[in-house]
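Data block below; observations after.
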Amino acid sequence: MYTTIHKIESTIELPYNVIDIDTGDEHFILQFDSFDDNQSDYSIKMGGVTGNFSINYYSNSVNCNFKCDITIGNVYLFYVELDNAYDILSGRNAVAVLKNYGSLNHSNLMFTFDKRGHCNVDGEFKNKSNQYKNGINFSFELDQTGNITPILNSMEVFFNELRSIQGHSNFY
């Protein structure tokens with residue numbers, strides 16, 4: 001018989017900032033809010049843990065927080081792409097994209113690396129709480145050296161914790 005787990009115990013404090021970018025003028029956070037309730041030990045071992053993400057975006061005149069339509073698998077694929085794009089040979093342009101890969105395109109975060117050591121970040125997220133009627137769009141430039149490594153480190157901590165809970169590395 002399978003045991004239903006009412007609350008998953010985790011060593012990371014929730015909510016957890018998976019991606020946190022602060023340019024000084026703008027601040028974007030992709031946050032993991034909570035694990036889904038009532039998963040069973042079987043569903044966790046076979047399919048992995050599931051949970052809820054939200055977007056926090058702040059700028060001079062905008063302050064918003066809303067749930068978004070992203071899965072742990074979507075974020076993991078982005079983590080792999082971002083790590084590869086960041087490590088790619090110098091002189092090549094590389095791209096990493098976070099999106100929900102369902103039939104509806106409610107989320108899109110693109111990191112585009114250039115030859116000069118910059119990373120352009122373009123985001124579009126629609127508000128799940130409001131039937132995707134509104135959302136945010138933003139674009140800014142980052143320096144690769146100071147900004148990408150902390151994002152990759154945060155994602156590594158997050159996925160190491162999930163690997164510990166699930167007992168495997170299958171996130172999608």
Side-chain angles (χ1 to χ4, degrees), residues 1-22 26-58 62-87 96-111 121 123-136 138 142 147-172:
M1 188 90 194
Y2 304 115
T3 304
T4 300
I5 302 168
H6 296 287
K7 183 176 180 182
I8 294 173
E9 296 299 324
S10 174
T11 61
I12 58 173
E13 186 176 331
L14 298 180
Y16 181 79
N17 294 346
V18 179
I19 299 173
D20 190 340
I21 304 168
D22 190 351
E26 296 176 271
H27 194 171
F28 169 81
I29 300 170
L30 173 69
Q31 183 172 285
F32 184 74
D33 293 323
S34 63
F35 293 99
D36 286 339
D37 291 333
N38 299 322
Q39 296 178 74
S40 70
D41 56 351
Y42 178 78
S43 69
I44 289 172
K45 295 248 185 285
M46 296 307 292
V49 295
T50 58
N52 304 297
F53 289 90
S54 65
I55 297 296
N56 298 289
Y57 178 78
Y58 312 97
V62 175
N63 183 352
C64 61
N65 177 317
F66 56 84
K67 294 177 185 172
C68 71
D69 188 19
I70 292 284
T71 67
I72 289 171
N74 297 143
V75 177
Y76 182 71
L77 290 174
F78 174 71
Y79 169 57
V80 171
E81 281 186 10
L82 184 62
D83 191 35
N84 289 337
Y86 184 62
D87 288 340
V97 179
L98 168 64
K99 63 173 26 181
N100 60 322
Y101 289 96
S103 58
L104 299 174
N105 214 2
H106 300 301
S107 304
N108 192 19
L109 181 65
M110 184 180 307
F111 282 53
V121 178
E124 176 182 3
F125 291 90
K126 295 186 180 167
N127 187 343
K128 181 178 178 182
S129 307
N130 194 27
Q131 291 78 42
Y132 309 104
K133 294 179 185 173
N134 58 24
I136 58 166
F138 58 88
L142 300 175
N147 293 286
I148 305 304
T149 301
I151 293 169
L152 289 170
N153 290 342
S154 175
M155 296 178 89
E156 181 179 23
V157 167
F158 180 68
F159 287 109
N160 283 342
E161 177 65 14
L162 295 185
R163 186 176 293 109
S164 173
I165 292 168
Q166 293 178 175
H168 60 77
S169 301
N170 299 331
F171 299 114
Y172 47 86

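Worth saying up front: this structure is predicted, and the values here are computed from it rather than measured.
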Under the side-chain contact (heavy atoms from CB on, under 4.5 Å) test, residues paired with S164 that sit two or more places apart
none
Using distance alone, with no hydrogens and no angle criterion, decide if T71 and Y76 have a side-chain donor and acceptor under 3.5 Å apart.
no
Could you label the plane-to-plane angle of the F53 and F32 rings as parallel, tilted or perpendicular, counting under 30° as parallel and over 60° as perpendicular?
perpendicular
Do N52 side-chain atoms and D33 backbone N/O form a donor-acceptor pair below 3.5 Å?
no
N17 backbone acceptor or donor facing S154 side chain under 3.5 Å
yes
Where the side chain of E81 meets the backbone of V97, is there a donor-acceptor pair that is under 3.5 Å apart?
yes
Check whether Y58 reaches the backbone of D22 with its side chain - one donor and one acceptor, N or O, closer than 3.5 Å.
no
Separation between CG of D83 and CD1 of I151, rounded to the nearest 0.5 Å
12.0 Å
Quick one: do F125 and F66 satisfy ring-ring contact (aromatic ring centres under 6.0 Å, His included)? Show the steps, please.
CA-CA 9 Å; F125 291 90; F66 56 84; 7.4 Å; no
Pairwise distance CZ(F171) to OH(Y79) - rounded to 0.5 angstrom:
9.5 Å
Which heavy atom of T50 sits nearest a heavy atom of Q39, and at what distance?
N-OE1, 3.1 Å
Nearest atoms (heavy-atom pairs only) where G48 meets Q166
CA-OE1, 3.1 Å
